There are 2 protein chains.
Amino acid sequence: MALPFPAAHPASATDTALSIGLSAVIVAVTGDDPKVLAVRHGGHEQLPSGPLERDHRTLEQGLRNWVERQTHQVLGHVEQLYTFGDRDRRETDGEHAARALSVAYLALVREARPAGDADAAWESWYRYFPWEDWREGRPAVLDAIEPGLRAWAATAPNAGVGSMRAERLSLAFGFGQSRDEERVLERYELLYEAGLVPEGLRERGVELAPGRALLPGVEMAGDHRRMLALAIARLRAKIKYRPVVFELMPPTFTLGQLQRTVEALSGVNLHKQNFRRLIEQQRLVEETGEATSETGGRPARLVRFRREVLLERPAPGVRLPGAGGRR
Amino acid sequence: MALPFPAAHPASATDTALSIGLSAVIVAVTGDDPKVLAVRHGGHEQLPSGPLERDHRTLEQGLRNWVERQTHQVLGHVEQLYTFGDRDRRETDGEHAARALSVAYLALVREARPAGDADAAWESWYRYFPWEDWREGRPAVLDAIEPGLRAWAATAPNAGVGSMRAERLSLAFGFGQSRDEERVLERYELLYEAGLVPEGLRERGVELAPGRALLPGVEMAGDHRRMLALAIARLRAKIKYRPVVFELMPPTFTLGQLQRTVEALSGVNLHKQNFRRLIEQQRLVEETGEATSETGGRPARLVRFRREVLLERPAPGVRLPGAGGRR
DNA sequence: CTCCCTTATGCTCAGTATGAGCATAAATGG
DNA sequence: CCATTTATGCTCATACTGAGCATAAGGGAG
């Protein structure tokens with residue numbers, strides 16, 4: 001029996017108008033702020049991005065190309081995040097639908113230069129996600145978020161959907177109990193579904209219920225904020241089992257700086273002594289012999305990343321504890 | 001200053017012949033074997049796959065559609081793996097290049113039905129990756145792999161490349177020391193680069209050196225074996241921090257069956273008592289009150305997955321130890 | 001020059017989790 | 001009834017974690 005196979009498997013003629021978008025979430029950390037490179041274009045903020053073109057050898061090449069054209073930033077570590085093509089990405093174009101796929105990437109760079117172009121600027125990512133920064137304790141926005149989400153769960157079309165929604169809320173926001181700092185995307189998607197976030201509200205036919213005001217937190221074009229949420233989630237997860245933080249650090253740094261970087265990314269504070277113990281016993285860094293007194297208090301030793309750990313330990317990373325307060 | 005933005009950002013006209021392929025790595029476990037659904041087509045084995053079509057609402061819908069047409073299998077849990085479009089995916093088509101992207105998915109299904117179609121069959125994934133199964137101890141294929149890879153590292157064009165290669169080998173295969181069962185993709189890619197695997201050998205202009213024979217392990221069409229490697233890697237990683245194994249289990253099962261499933265997926269044996277302790281103390285399962293004596297020895301309690309853990313623990317999963325021998 | 005403030009470092013201690021084994025229970029097939 | 005096989009219970013030493021106490025060593029204010 002012949003299976004239903006496409007005529008000539010790859011390239012069976014373009015039966016739909018297709019375009020492939022490439023977008024980059026470019027992350028750097030300066031001081032206490034996790035930064036993302038944003039460009040302003042047509043009244044909106046967006047991620048550096050552009051369509052895949054014929055002379056791009058690979059997807060990643062195309063991405064680097066657009067980023068350099070738009071921001072003059074050269075990328076270091078780059079990894080693919082996700083390909084969006086599912087929701088709200090169909091646009092009617094004359095009589096037949098044009099489909100727009102979009103491949104999102106995460107890139108890490110060392111220093112946040114002043115971003116050559118006036119239209120490209122480094123922004124703290126908590127500007128877009130104010131509810132994700134728990135370093136100063138529970139963010140105030142949550143006072144607006146919580147009732148809004150609860151109302152959304154309560155007004156579900158039926159009981160089944162309602163309890164499903166309640167479960168998702170509790171999972172993502174941990175109202176009451178635990179909170180998982182990695183579930184950035186789930187949290188954003190709940191806010192999106194609940195209509196608490198402006199993106200495409202009208203197109204989706206979602207109405208703001210009287211009691212539900214839009215949240216603070218800056219919007220981005222298209223689904224770029226969703227991409228950013230995904231990038232944050234991925235990075236927060238990844239620093240725990242791969243030494244990627246070091247991609248964001250200068251060649252030599254203090255343990256305090258390293259800790260503040262990790263805290264900036266994960267949005268929580270860590271117990272200082274335990275953090276150092278972890279880094280040292282995993283032998284993630286080595287001495288440079290130098291020290292710096294630019295940290296305010298007692299001068300700190302300067303260390304550098306010890307690349308050899310990659311070969312020694314199976315999953316070297318900065319494990320985060322359940323909580324931990326600055327002391 | 002005007003930034004170089006594409007004319008009308010999405011859908012800036014199709015400037016290249018594009019086709020989007022959708023491929024599925026569909027996994028099930030029966031008894032001791034991790035199975036993948038493969039279809040035979042044109043002398044090659046391949047994953048269920050086909051191009052994205054105009055009437056597919058979403059990428060995932062398109063995927064489910066092709067899978068059902070080709071294998072009559074209905075998918076449960078589905079997640080996106082990666083979008084390939086980078087290497088060897090350019091095909092000359094007349095005078096302008098036609099680009100073929102391909103979005104790979106991982107799907108988990110409960111039972112391995114006899115696969116309605118004669119051309120679609122469940123195959124143990126170790127058939128394609130015999131070097132990944134360490135349950136019976138070190139796989140014999142490694143005796144062929146190790147010298148082949150070492151030779152490849154030794155014949156590098158220069159010393160820098162050579163030591164880089166040696167480092168990658170040691171990282172992926174852990175010759176000498178540790179081995180990380182998750183690095184399935186890295187291992188496959190090394191074998192690919194070293195020309196020890198037949199895929200596209202000729203196109204790549206890689207020659208088999210005299211001493212290096214091709215390895216046992218069945219080839220697949222295109223880059224499907226790479227996708228499978230990625231799927232295995234992802235699944236092996238994911239069972240540790242999310243309760244996805246249960247997507248592969250029947251509604252009720254014994255701890256022994258659960259353990260054998262985990263071992264099948266991860267390719268290593270676990271210490272039985274510690275495994276049960278882990279599952280129980282994490283409260284991943286609950287009693288059904290029933291028991292079964294189909295396991296050969298003393299009858300075993302039947303348990304079921306306790307969905308509530310999802311709400312209780314931040315990252316419930318089956319953590320694997322460093323090694324562990326069957327006893 | 002001291003005292004105070006700030007960040008860096010050292011070290012301890014109890015509670016938990018992990019890796020390995022010993023020992024017993026309860027079926028099944030000669 | 002015994003040997004074999006898988007299921008379960010429990011123990012023990014060690015490693016890892018979460019919290020905190022205590023000290024060190026700069027800079028700045030008075």
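A, B, ... follow the sequence lines: proteins, then strands. Residue 1 opens every chain. Hydrogens, waters and symmetry mates play no part in the numbers below; they use all other heavy atoms, side chains included. Small disclaimer: the values here were computed from a predicted structure and weren't measured.
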**Student:** What residues form a side-chain contact (heavy atoms from CB on, under 4.5 Å) with A/Leu171, not counting sequence neighbours?
**Tutor:**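 Per chain and number, A/Leu171 pairs via side-chain contact (heavy atoms from CB on, under 4.5 Å) with A/Arg183, B/Leu311.
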
**Student:** Between A/Gln257 and A/Thr254, is there a donor-acceptor pair closer than 3.5 Å when you use the side chain of the first and the backbone of the second?
**Tutor:**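 Confirmed, A/Gln257 side chain pairs with A/Thr254 backbone.
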
**Student:** Calculate, to the nearest 0.5 Å, the distance between atoms CD and CZ belonging to B/Glu186 and B/Arg168 respectively.
**Tutor:**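 It comes to 9.0 Å.
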
**Student:** Could you state the CD-C1' distance from B/Gln259 to D/dA7, rounded to the nearest angstrom?
**Tutor:**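 Nearest whole value for this atom pair: 11 Å.
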
**Student:** For every nucleotide of nucleotides 3-9 of chain C, 5' to 3': is a protein heavy atom under 4.0 Å from its base (B), only from its sugar-phosphate (S), or from neither (-)?
**Tutor:** ---BBBB

**Student:** Got a salt bridge between A/Arg187 and A/Glu182, using NZ or NE/NH1/NH2 to carboxylate O under 4.0 Å?
**Tutor:**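 Looking at A/Glu182 together with A/Arg187, the answer is no, because their closest N to O distance does not fall below 4.0 Å.
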
**Student:** Quick one: A/Leu270 CG to D/dG20 P, roughly how many Å, whole number?
**Tutor:**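 From A/Leu270 CG to D/dG20 P: 15 Å.
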
**Student:** What residue among B/Arg179, B/Arg135, B/Arg236 forms side chain to side chain contact (heavy atoms under 4.5 Å, CB included) with B/Val268?
**Tutor:**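 So, applying the side chain to side chain contact (heavy atoms under 4.5 Å, CB included) to B/Val268 and each of B/Arg179, B/Arg135, B/Arg236, only B/Arg179 qualifies.
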
**Student:** Relative to the 5' end of DNA chain D, which residue comes earlier, A/Ser293 or A/Arg277, by the nucleotide with the nearest heavy atom?
**Tutor:**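 With A/Ser293 and A/Arg277 compared, the 5'-side residue is A/Arg277.
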
**Student:** Could you state the atom-to-atom distance from CG of B/Leu278 to P of C/dT16 in whole Å?
**Tutor:**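 It is 16 Å, rounded to the nearest whole Å.
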
**Student:** Measure the distance from NE2 on B/His271 to P on D/dT6 and round it to the nearest whole Å.
**Tutor:**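 So the two atoms are 16 Å apart, to the nearest Å.
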
**Student:** Quickly work out the B/Asp32 CG to D/dT6 P distance and round it to whole Å.
**Tutor:**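 About 11 Å, once rounded to whole Å.
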
**Student:** Could you tell me how far apart A/Phe275 (CZ) and D/dG18 (P) are, to the nearest whole angstrom?
**Tutor:**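 One finds 13 Å between P of D/dG18 and CZ of A/Phe275, rounded.
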
**Student:** Within the side chain of A/Asp33, is there an N or O that forms a donor-acceptor pair under 3.5 Å with the backbone of A/Ser124?
**Tutor:**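 The answer is no, because no donor-acceptor pair under 3.5 Å joins these two groups.
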
